[in-house]
Amino acid sequence: MCFLTNQYDLLNNPDPDPEQAGFRPGKSTTSQVLNLTQYMEDGYEEGMVTGVVFVDLSAAYDTVNHRRLLSKILETTRDTRLTELIESMLENRHFFVDLGGKKSRWRRLRNGLPQGSVLAPLLFNIYTNDQPKVQTPAASSMQMILA
């Protein structure tokens, strides 16, 4: 446990995208709504048109690919021991569905983070930290706000 505690800061500070607010201390969706509102007001005052796209990742934790996540952790921390420790937490997880007293067969999970895990929000932020940057012509003004 001491090893993981010592590595927490390394994992928790992987130079996150400054626009990313999810599961970060001092950040929230409320602050992102305020950022968006301010951006829209500034654009209105400058006579610009503002368009907004909202994307909701349904069951977001379930979409995390283990191999890609482990690769990002290794790229971020350069620590093979930590990467192997997290891999052991993710591998060999199985589930079944019980519906009306009928049970499905056991299946192996190949994607997803453990629901309720204290590390899941941190691992999800690492997984999504490399969102594409907006490339725009110099004449236009575009901003991404991630919540």
Side-chain angles (χ1 to χ4, degrees), residues 1-43 49-137 140-147:
M1 188 64 172
C2 183
F3 167 74
L4 188 57
T5 303
N6 291 338
Q7 298 303 314
Y8 179 78
D9 283 337
L10 187 59
L11 262 181
N12 202 27
N13 297 307
D15 193 26
D17 187 320
E19 300 299 329
Q20 172 63 36
F23 310 111
R24 293 189 51 211
K27 302 266 189 166
S28 69
T29 53
T30 302
S31 61
Q32 293 300 63
V33 169
L34 291 173
N35 288 341
L36 176 61
T37 303
Q38 185 65 54
Y39 184 74
M40 291 172 68
E41 287 177 1
D42 292 347
V49 176
T50 301
V52 179
V53 176
F54 294 97
V55 178
D56 180 19
L57 296 176
S58 180
Y61 282 6
D62 296 336
T63 66
V64 174
N65 179 284
H66 293 170
R67 278 193 221 132
R68 185 69 187 126
L69 173 63
L70 294 168
S71 172
K72 288 181 178 190
I73 291 170
L74 187 58
E75 288 171 18
T76 300
T77 65
R78 302 282 187 231
D79 189 328
T80 54
R81 217 169 119 203
L82 177 62
T83 304
E84 289 169 354
L85 179 66
I86 293 172
E87 180 179 24
S88 72
M89 178 183 90
L90 297 174
E91 69 183 4
N92 294 321
R93 292 175 46 234
H94 295 80
F95 73 98
F96 71 89
V97 176
D98 182 345
L99 183 62
K102 294 189 177 199
K103 295 180 182 176
S104 70
R105 65 183 174 93
W106 283 93
R107 297 186 179 265
R108 190 173 137 229
L109 285 172
R110 290 183 170 84
N111 292 318
L113 298 172
Q115 301 295 318
S117 165
V118 295
L119 287 179
L122 176 62
L123 296 175
F124 187 76
N125 277 353
I126 290 170
Y127 187 72
T128 59
N129 192 42
D130 59 354
Q131 297 299 313
K133 303 296 181 216
V134 177
Q135 300 293 325
T136 61
S140 74
S141 174
M142 190 176 282
Q143 181 175 354
M144 284 185 72
I145 299 174
L146 307 171

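If you're wondering where the values come from, they're calculated on a predicted model, not measured in any experiment.
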Visitor: Run the side-chain donor-acceptor check on residues 86-100: report pairs under 3.5 Å with partners two or more places apart or on a different chain.
Guide:
residue, atom, partner, partner atom, Å
S88, OG, L85, O, 2.6
R93, NH1, G112, O, 3.4
H94, ND1, N92, O, 3.2
D98, OD1, G101, N, 3.3

Visitor: As a quick check of understanding, evaluate side-chain contact (heavy atoms from CB on, under 4.5 Å) for Q38 and L34, giving each step before the final call.
Guide: CA-CA 6 Å; Q38 185 65 54; L34 291 173; over 6 Å; no

Visitor: Let me see the working for T76 and I126 under side-chain contact (heavy atoms from CB on, under 4.5 Å), right down to the final yes or no.
Guide: CA-CA 8 Å; T76 300; I126 290 170; 4.3 Å; yes

Visitor: Side chains of S71 and E75: is there a donor and an acceptor less than 3.5 Å apart?
Guide: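 There is such a pair (donor and acceptor under 3.5 Å, judged by atom type) between the side chains of S71 and E75.
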
Visitor: Minimum heavy-atom separation for P114 and A120, please, with both atom names.
Guide: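 Heavy atoms of P114 and A120 come nearest at O-CB, 3.7 Å.
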
Visitor: Can you tell me which residue among L69, L82, T83 is in a side-chain contact (heavy atoms from CB on, under 4.5 Å) with L74?
Guide: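 So, applying the side-chain contact (heavy atoms from CB on, under 4.5 Å) to L74 and each of L69, L82, T83, only T83 qualifies.
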
Visitor: With rounding to the nearest 0.5 angstrom, report the CG to OG distance, L36 to S31.
Guide: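 One gets 11.5 Å once the value is rounded to the nearest 0.5 Å.
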
Visitor: Using only atom types and a distance under 3.5 Å, with no angle test, would you say the side chain of Y127 pairs donor to acceptor with the backbone of I73?
Guide: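 A pair under 3.5 Å: no.
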
Visitor: With side chains defined as the heavy atoms from C-beta onward, is the minimum distance between P121 and Y61 less than 4.5 Å?
Guide: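 They are in side-chain contact.
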
Visitor: Atom OG1 in T63, atom CZ in R68: separation rounded to 0.5 Å?
Guide: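 Answer for the OG1-CZ pair, T63 versus R68, is 13.5 Å.
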
Visitor: Of the non-hydrogen atoms in D62 and Q115, which two are nearest, and what is the gap between them?
Guide: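 Heavy atoms of D62 and Q115 come nearest at OD1-NE2, 3.2 Å.
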
